[in-house]
Chemist: 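Got a structure for you, questions after.
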Amino acid sequence: MMDLQMSTHSDQRRPLHGVIYLALFALAVGMTSLAQAVSIQQTFTLEPGWNAIYVELEPDNKDIDVVFSGVPVRSVWRWIPPEPGLDFVSDPAEGLLNVDGWYPYFPATEPEAFLTSLYSIDANTAYLVNLQSSSPATLTITGEPRLERLRWNTGGFTLTGLPVAESGAPTFGEFFETSTAHSGQPLYKLGSGGVWELVTSPFAEEVGSGEAYWVFTEGVSAFQGPLEIDLEGAEEIDFGN
């Protein structure tokens, strides 16, 4: 049997609205996995141009060609930091190919297809998606939820989504309030013009489900949110008899 540990930070001053669902979601995933694999869907509305998405599911078929089949993407990008402290490119349109840490996917119809180095889509991972269309498109991913710990880039920015509910989510300020490594640090979201914009009022803006952000970490951090779930040694819960 494995242990389920939940902890909250004692100096939290606001109620855990929009956060307690983290525990409930993890419990639901763990209990259901005892009987069968969980298969759910995550849907994104992609706008023309650049989009920053956070995939929360392990796709049934991880092949990137399959995941984006029927979606008119120009390119898809994943960021894997080559070294601590690397800054991000404020405008993706300036070009990412010459920036260390970026792994691109280009459909076979694009002239840059031979430069592709990204071949699969993974759970709990942020991606930049460049939609080649004059109107929005819908991307639906079917797969299993995975409970994984957030990994912060020490002393630098991390491109990541945050585990929140689709409605009733906390603000950025509430989410990071108890983290000394993140509270008051720079945080960027992708604006409608496809350029990263600083979040200037973190206690006034809600975290978006399925959205990716650049979050700065001051020093080393293992922060997972106002409430932390720790499933030791496995991705499921064994309740025994």
Chemist: Side chains of I40 and P145: does their closest heavy-atom pair fall under 4.5 Å?
Modeler: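 When only atoms from C-beta onward are counted, P145 and I40 do touch, with a gap below 4.5 Å.
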Chemist: If every non-hydrogen atom of A169 is compared with every non-hydrogen atom of A165, which pair is closest and at what distance?
Modeler: CB-O, 3.8 Å
Chemist: On a heavy-atom basis, which atom in A52 and which in W196 lie closest, and how many Å separate them?
Modeler: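 Closest approach of A52 to W196: CB-CH2, 3.7 Å.
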Chemist: For T158 and N153, indicate whether the former's side chain and the latter's backbone hold a donor-acceptor pair under 3.5 Å.
Modeler: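 Confirmed, T158 side chain pairs with N153 backbone.
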Chemist: Nearest 0.5 Å, what's the CZ-CG distance between R78 and L128?
Modeler: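 Rounded to the nearest 0.5 Å, the CZ-CG separation comes to 12.5 Å.
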Chemist: Ignoring hydrogens, what is the shortest heavy-atom contact between G173 and F203? Give both atom names and the distance.
Modeler: C-CE2, 3.4 Å
Chemist: With side chains defined as the heavy atoms from C-beta onward, is the minimum distance between F68 and I121 less than 4.5 Å?
Modeler: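 Yes, side chains in contact.
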Chemist: Check step by step if side chain to side chain contact (heavy atoms under 4.5 Å, CB included) holds for L139 and I53.
Modeler: CA-CA 10 Å; L139 169 65; I53 68 172; 4.1 Å; yes
Chemist: Determine, step by step, whether K189 and E211 satisfy the salt bridge (Lys or Arg N to Asp or Glu O under 4.0 Å) criterion, reporting the C-alpha distance in whole Å, the side-chain angles of both residues, the deciding distance to 0.1 Å, and the verdict.
Modeler: CA-CA 9 Å; K189 67 176 184 178; E211 297 182 20; over 6 Å; no
Chemist: Just verifying a value: how many Å separate S69 OG and I64 CD1, rounded to the nearest 0.5 Å?
Modeler: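 Here the interatomic distance stands at 12.0 Å.
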Chemist: Does any non-hydrogen side-chain atom of T138 lie less than 4.5 Å from one of T43?
Modeler: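 Yes, close enough: below the 4.5 Å cut-off.
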Chemist: Can you tell me how far the CG atom of L46 sits from the OG atom of S135, to the nearest 0.5 Å?
Modeler: 11.0 Å
Chemist: Looking only at atom types and distance, does a side-chain atom of S221 sit under 3.5 Å from a main-chain N or O of F223, one as donor and one as acceptor?
Modeler: yes
Chemist: Keeping E206 on the side-chain end and P170 on the backbone end, is there a donor-acceptor pair under 3.5 Å?
Modeler: no
Chemist: Mind listing the closest non-hydrogen atom pair of P59 and L57 along with its distance?
Modeler: CD-O, 3.2 Å
Chemist: For the residue pair Y54 and Y213, is the inter-centroid distance of their aromatic rings smaller than 6.0 Å?
Modeler: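 Ring centres of Y213 and Y54 not closer than 6.0 Å.
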Chemist: Between L131 and W50, is a side chain to side chain contact (heavy atoms under 4.5 Å, CB included) present by the stated rule, with each step listed?
Modeler: CA-CA 6 Å; L131 185 67; W50 289 96; over 6 Å; no
Chemist: Is the shortest heavy-atom distance from the side chain of F216 to the side chain of L187 under 4.5 Å?
Modeler: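 A side-chain contact is absent here, since even the closest heavy-atom pair is not under 4.5 Å.
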Chemist: May I ask you to check whether W79 and W214 place their ring centers less than 6.0 Å from one another?
Modeler: yes
Chemist: Any side-chain to backbone donor/acceptor pair from Q42 onto E56? Under 3.5 Å, distance only.
Modeler: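 Side chain of Q42 to backbone of E56, a donor-acceptor pair under 3.5 Å: yes, one is there.
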Chemist: Return the minimal non-hydrogen interatomic distance between E148 and A123, and the atom names on each side.
Modeler: OE1-O, 4.0 Å
Chemist: CG of L115 to OH of Y105: how many Å apart, nearest 0.5 Å?
Modeler: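 Separation between the atoms: 13.5 Å.
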Chemist: Side chains of S39 and T142: closer than 4.5 Å at any heavy-atom pair?
Modeler: yes
Chemist: Looking at R146, is its backbone amide N or carbonyl O close enough to the side chain of N124 to form a donor-acceptor pair, meaning the two atoms are under 3.5 Å apart?
Modeler: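 Yes; at least one donor-acceptor contact below 3.5 Å.
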Chemist: Verify the cluster assignment for W152 and V220: are they in a single hydrophobic cluster under the rule of side-chain heavy atoms below 4.5 Å apart?
Modeler: no
Chemist: What distance separates E174 CD from S183 OG, expressed to the nearest 0.5 Å?
Modeler: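 The OG atom of S183 is 11.5 Å from CD of E174, to the nearest 0.5 Å.
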Chemist: Would you indicate whether the side-chain heavy atoms of V76 and P104 approach each other to under 4.5 Å?
Modeler: no
Chemist: From E177 CD over to H182 NE2, what is the distance, rounded to the nearest 0.5 angstrom?
Modeler: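 Separation between the atoms: 14.5 Å.
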Chemist: Under a 3.5 Å distance rule, please check whether N51 uses its side chain to pair with a backbone N or O of G49 as donor and acceptor.
Modeler: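 Such a contact is found between N51 side chain and G49 backbone.
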Chemist: Please give me the minimum heavy-atom distance between F44 and G210, naming the atom from each residue.
Modeler: CE2-O, 3.4 Å
Chemist: Out of the candidates L159, L198, V215, only one should pair with Y188 under the side-chain contact (heavy atoms from CB on, under 4.5 Å) rule; please name it.
Modeler: L198
Chemist: So, D65 and Y119: side-chain donor and acceptor under 3.5 Å apart, yes or no?
Modeler: no
Chemist: Between S75 and W77, is the side chain to side chain donor-acceptor pair (under 3.5 Å) condition met? List the steps.
Modeler: CA-CA 7 Å; S75 60; W77 302 76; 2.8 Å; yes
Chemist: Answer yes or no: is there a side-chain heavy-atom contact under 4.5 Å between I141 and V67?
Modeler: yes
Chemist: Looking at E112, I'd like to know if its CD atom is crowded, meaning that more than 12 non-hydrogen atoms belonging to other residues, nucleotides or ligands lie closer than 6.0 Å.
Modeler: yes
Chemist: Give a yes or no answer on whether the side chain of T116 reaches the backbone of A113 with a donor-acceptor pair at less than 3.5 Å.
Modeler: yes
Chemist: Does L150 reach the side chain of Q224, with side-chain heavy atoms less than 4.5 Å apart?
Modeler: yes
Chemist: Side chains of E205 and T171: do they bring a donor and an acceptor to under 3.5 Å?
Modeler: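 No donor-acceptor contact under 3.5 Å links the two side chains.
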